[in-house]
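Computation of the quantities below employed the complete heavy-atom set of this structure, encompassing side-chain atoms and omitting hydrogens, waters and symmetry-equivalent molecules.
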Amino acid sequence: MNRRNSISILLGLVMMTALSCTRDHLYYEARSRNQVQLNIDWSRTAFSSSSRSSDTDNRLNGVTIFAFDSATHRLVAELPPFANWQSPRVSLEPGTYDLIVINDSRAELPAIHFDTEQRFEDFSAFIDVDTVYKEHPDYLTVSSLRNVRFGSSTKEYFYDRPDEYFNDIVTQEINTVQHPVTKKINIRVYVKGMNYCRGMQPSYMSGLSKSVNLSTETPSKENVVYAFNLINREYRNSDYTEALLTQTFSCFSFNENNLQTGIPFELTLNFVLVDNSVHTVKADVTPQFEKWLEEHTIDCDLDLDIDVDMEVTLPPTEPTPPSSEGLVPETIPWNDITQNITM
């Protein structure tokens, strides 16, 4: 009996000793952050090779995202540019946000300013000039998303040490489509009497919008004058008396309501003649904008440049003798375009 008790006591002591030395494995704490993945469709922009307005010289380098609090409508974060422009993954503090997505970074859009003090519904892009836009906006596309929910991060424990403390998990995917909010204006002026023209001074176009609302993609009703240099010259006959002058510039398009209220679109061209006088030609080109709008109302997927064409006949002028030139108006150097015609 004593022997049996001794064995039982010994086994009990051995078991107690074994159990007292067994410890649970240390686990590693990590956090899982909820991310939202944006699947961006670029097919309606000039960045897409399948688009009618495709521009291979204008390359897409990423996206920038502005996050607004859905309750206060105020900007709370401007996220660093994402190199992944097709499906960027966004992380924000827990809450509900309204997002605005633009192409590229601010550094790649140097002429465009964004008023970050504005509310989401008023957030706009503009050029920081009051009256005449001598700079032109870079190509800008945008999409907006409302009430995007970001959940709280959660703690997780791992047997093996994880590579990163934060473990990002995509909890939601949202599809969005980018749309261009700037427009190219192609000016084409056929000039007769080109031999009477010594050069050009800046030309102007009125009636175009001063800014664009990025949340609604609507050009402003407030318009501004855009300045441009009509200096691309292509002679059209052998005696150099006729030429086609062209220039393309970018703008924030125009507000459709301005056409209905009778605000004109006026083109002003300033020719410097060989007698050093400035010959100014003004033309109301509103009907061409009305025609463009009518075509785009019929085909909503059509997103082409706005072409403005006109003809000008310069008055015959005798060159001013060098001895009596006096004050000579400054002109902008020509950019001559030569066409090689195969006979």
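- Here S211 contributes atom OG and K221 contributes atom NZ; the two are 12.5 Å apart, rounded to the nearest 0.5 Å.
- Taking the side chain as every heavy atom from C-beta outward, L245 and Y190 never approach each other to under 4.5 Å.
- Minimum heavy-atom separation, H136 to A111: O-CB, 3.4 Å.
- Taking the six-membered ring for Trp and the full ring otherwise, H73 and F68 have centroids separated by 6.0 Å or more.
- Between the OG1 atom in T313 and the OH atom in Y196 there is a gap of 11.0 Å [rounded to 0.5 Å].
- For the side chain to side chain contact (heavy atoms under 4.5 Å, CB included) test with M200, the passing option among V272, T331, L230 is L230; the others fail.
- Side-chain contact, N257 with T261: no donor N or O sits under 3.5 Å from an acceptor N or O.
- Note on F126: it clusters hydrophobically with F228, by side-chain heavy-atom contacts below 4.5 Å among ILVMFWY residues.
- Shown here is E266, whose CD atom has more than 12 heavy atoms of other residues, nucleotides or ligands within 6.0 Å.
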- Take L79 and L92 through the test side chain to side chain contact (heavy atoms under 4.5 Å, CB included) and record every step on the way to the result. CA-CA 9 Å; L79 303 180; L92 287 169; 3.9 Å; yes
- Message: Applying side chain to side chain contact (heavy atoms under 4.5 Å, CB included) to V312 and K192, what does each step give before you reach the verdict?
- Response: CA-CA 6 Å; V312 173; K192 295 180 180 180; over 6 Å; no
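- You'll find the ring centres of F120 and F66 outside the 6.0 Å limit.
- Under a hydrophobic clustering in which Ile, Leu, Val, Met, Phe, Trp and Tyr are joined whenever their side-chain heavy atoms come within less than 4.5 Å, directly or via other members, V281 and L267 fall into the same cluster.
- Between the T218 side chain and the T216 main chain, a donor and an acceptor come within less than 3.5 Å of each other.
- Using modelled atom types and a 3.5 Å distance limit, the side chains of R198 and N276 yield a donor-acceptor pair.
- Closest approach of S70 to Y97, counting heavy atoms only: OG-C, 3.1 Å.
- Environment of CD in Q172: crowded, with over 12 heavy atoms of neighbouring residues, nucleotides or ligands closer than 6.0 Å.
- Two rings, from F265 and W292, have their centers 6.0 Å or more apart.
- Considering only heavy atoms from C-beta on, W42 comes within 4.5 Å of V63 through its side chain.
- Taking a cutoff of 4.0 Å between a charged side-chain nitrogen and a carboxylate oxygen, R74 and E117 do not qualify as a salt bridge.
- In this structure a side-chain-to-backbone donor-acceptor pair under 3.5 Å is present from N270 to P202.
- Nearest approach of F254 to S209, heavy atoms of both residues: CA-OG, 3.4 Å.
- Side-chain rings of Y226 and Y204 stay apart, their centers remaining 6.0 Å or farther from each other.
- The structure places CG of D307 at 4.5 Å from CZ of R188, a figure rounded to the nearest 0.5 Å.
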- Would F289 and I306 count as a side chain to side chain contact (heavy atoms under 4.5 Å, CB included) if you check the C-alpha gap in whole Å, the side-chain angles of each, and the deciding distance to 0.1 Å? CA-CA 7 Å; F289 283 83; I306 300 175; 3.9 Å; yes
- Message: If you apply the rule side chain to side chain contact (heavy atoms under 4.5 Å, CB included), what do you find for V278 with Q201, and how did you get there?
- Response: CA-CA 8 Å; V278 178; Q201 290 188 338; 4.0 Å; yes
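- One N or O on the side chain of N103 and one on the backbone of Y139 form a donor-acceptor pair closer than 3.5 Å.
- Counting heavy atoms from C-beta outward, T176 and L99 have side chains that stay 4.5 Å or more apart.
- The cluster map of Ile, Leu, Val, Met, Phe, Trp and Tyr, joined by side-chain heavy atoms under 4.5 Å apart, puts V177 and L38 in different clusters.
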- Evaluate side chain to side chain donor-acceptor pair (under 3.5 Å) for Q178 paired with D41, printing each intermediate quantity in order. CA-CA 6 Å; Q178 291 290 115; D41 181 359; over 6 Å; no
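- Here the shortest heavy-atom pairing between P264 and T286 reads CA-OG1, 3.5 Å.
- Counting heavy atoms from C-beta on, the side chains of L293 and E256 come closer than 4.5 Å.
- Annotation: K184, atom NZ; neighbour count of heavy atoms from other residues, nucleotides and ligands within 6.0 Å does not exceed 12.
- V142 is listed as a side-chain neighbour of E217, based on a closest heavy-atom distance under 4.5 Å.
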- Query: Passes salt bridge (charged side-chain N to carboxylate O under 4.0 Å, His left out), R236 versus E242? Steps please.
  - Reply: CA-CA 6 Å; R236 289 303 179 92; E242 297 183 10; over 6 Å; no
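- Within the 4.5 Å cutoff, no side-chain heavy atoms of N335 are placed close to those of R233.
- For the pair Y240 (side chain) and M194 (backbone), a donor-acceptor distance under 3.5 Å is absent.
- Between the side chains of S87 and N39, no donor-acceptor pair of N or O atoms lies under 3.5 Å.
- Side-chain atoms of T182 do not come within 3.5 Å of backbone N or O of S250 as any donor-acceptor pair.
- Although no hydrogens or angles enter the test, the distance criterion places a donor-acceptor pair under 3.5 Å between the side chain of Q118 and the main chain of S124.
- I112 and A125 get closest at one heavy-atom pair: CG2-CB, 3.7 Å.
- Here the options are L214, T45, D104, the test is side chain to side chain contact (heavy atoms under 4.5 Å, CB included), and the partner is L140; only L214 passes.
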- Item | Derivation of the side chain to side chain donor-acceptor pair (under 3.5 Å) call for D275 and T317 | CA-CA 6 Å; D275 65 352; T317 309; 4.7 Å; no
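- Judged by distance alone, the side chain of N258 and the main-chain N or O of G262 form no donor-acceptor pair under 3.5 Å.
- Side-chain atoms of S277 do not come within 3.5 Å of backbone N or O of L273 as any donor-acceptor pair.
- With salt bridges taken as basic N to acidic carboxylate O contacts below 4.0 Å, one links R146 and D98.
- Note: Q260 CD to E290 CD = 10.0 Å, rounded to the nearest 0.5 Å.
- Side-chain contact of Q35 with R89: a donor-acceptor pair under 3.5 Å is absent, judged by distance alone.
- Remark: side-chain polar atoms of N232 are paired, donor with acceptor, to backbone N or O of T246 under 3.5 angstrom.
- In the hydrophobic cluster analysis, where Ile, Leu, Val, Met, Phe, Trp and Tyr join through side-chain heavy atoms closer than 4.5 angstrom, L208 is grouped together with L259.
- Of the inter-residue distances, the one linking R106 atom CZ with H113 atom NE2 reads 9.5 Å to the nearest 0.5 angstrom.
- In the hydrophobic cluster analysis, where Ile, Leu, Val, Met, Phe, Trp and Tyr join through side-chain heavy atoms closer than 4.5 angstrom, V274 is grouped apart from V191.
- One distance of note links CZ of R149 with CD1 of I174; it measures 13.0 Å at 0.5 Å rounding.
- N147 places no side-chain N or O within donor-acceptor distance of the main-chain N or O of T96, the cut-off being under 3.5 Å.
- Minimum interatomic distance between Y133 and K210 (heavy atoms only, all atoms of both residues): OH-O, 2.8 Å.
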